[in-house]
Amino acid sequence: MSEIKVGIVMGSDSDLPIMKKCAEALDHFGIEWEMVVSSAHRHPEKTARYARGAADAGLKVIVAGAGGAAHLPGVLASMTLLPVIGVPIAIEPLHGIDSLHSIVQMPQGIPVATVSINGAYNAGLLAVQILALSDQKLMNRLNSYRQSLAAKVEEKDSALREQNARNRRAGKGE
Ligand code: RP5
């Protein structure tokens, strides 16, 4: 069976500049992915085929991004038991508020885990967290990643304190 664990689905190639950030997050953790353009309204048959075959193909998580009346993640979720993470894509004229509401407001029964508008990197991280539930090595890498985030905060805090101290000394003519 294929080692591809995450399917990254987007409604159009115009979503790629955002959705490639999901792939970047997965690459950071060495998770194999595939990308697919499909559309719930322009090509519903393809969308249904992909969702229905995803689990048998070995996928564990689907990340789906779409803009406008963004029903792609919900339609995919309705046809697979795999977890689906939705990425609302910002497009004109409503700048993603439309896609956010379309994706996050799934009626009871068919959940879609929704990230922020254009939040494809976080969608990738959430997929990694799901995969890590059954992979201790991956969990350890996630833990190191979180520690690296905390270390960066400490670096920024130290740099800010030093800068403020320098400014104060300069102000006093020291
Ligand atoms: C949605 O329509 C796609 O997800 C995309 O965000 C939006 C616009 O698609 P294009 O007109 O750029 O193909 O289905």
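Starting from 1, each residue takes its place in the sequence as its number. Both backbone and side-chain heavy atoms feed into the values below; hydrogens, waters and symmetry mates do not. Numbering of ligands and ligand atoms starts at 1, following listing order.
- Atoms of ligand 1 found under 4.0 Å from any heavy atom of His41 (numbered from 1 in listed order, with element): 14 (O).
- The shortest side-chain heavy-atom distance between Gln129 and Met139 does not fall under the 4.5 Å cut-off.
- When non-hydrogen atoms are compared, ligand 1 lies under 4.0 Å from the backbone of Ala66 as well as from its side chain.
- Residue contacts with ligand 1, taken as heavy atom pairs separated by less than 4.0 Å, involve Arg42 solely via side-chain atoms from C-beta onward.
- Here's the thing with Ser39: none of its N/O atoms is less than 3.5 angstrom from an N/O atom of ligand 1.
- Remark: minimum distance from atom 13 (O) of ligand 1 to any protein heavy atom is reached at Ser12 OG, 2.6 Å.
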task = Test salt bridge (Lys or Arg N to Asp or Glu O under 4.0 Å) on Glu154 and Lys152 and set out the steps.
result = CA-CA 5 Å; Glu154 293 296 358; Lys152 277 184 200 145; over 6 Å; no

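- Here the protein heavy atom with the shortest distance to atom 6 (O) of ligand 1 is Asp15 OD1, 2.6 Å.
- Atom CG of Leu160 is surrounded by more than 12 heavy atoms from other residues, nucleotides or ligands within 6.0 Å.
- Exactly one residue among Leu81, Leu82, Thr80 makes a side-chain contact (heavy atoms from CB on, under 4.5 Å) with Val84. That residue is Thr80.
- The closest donor-acceptor contact from the side chain of Thr47 to the backbone of His43 lies under 3.5 Å.
- Near Gly11, meaning under 4.0 Å from one of its heavy atoms, ligand 1 places the atoms 3 (C), 4 (O).
- Any N or O atom pair closer than 3.5 Å counts here, and Ile91 shares no such pair with ligand 1.
- Residue contacts with ligand 1: Asp13 is placed with no nitrogen or oxygen under 3.5 Å of a nitrogen or oxygen of the ligand (distance criterion only).
- Closest to atom 12 (O) of ligand 1, if we only count protein heavy atoms, is Ser14 OG, 2.6 Å.
- For atom 1 (C) of ligand 1, the nearest non-hydrogen atom of the protein is Gly67 O, 3.5 Å.
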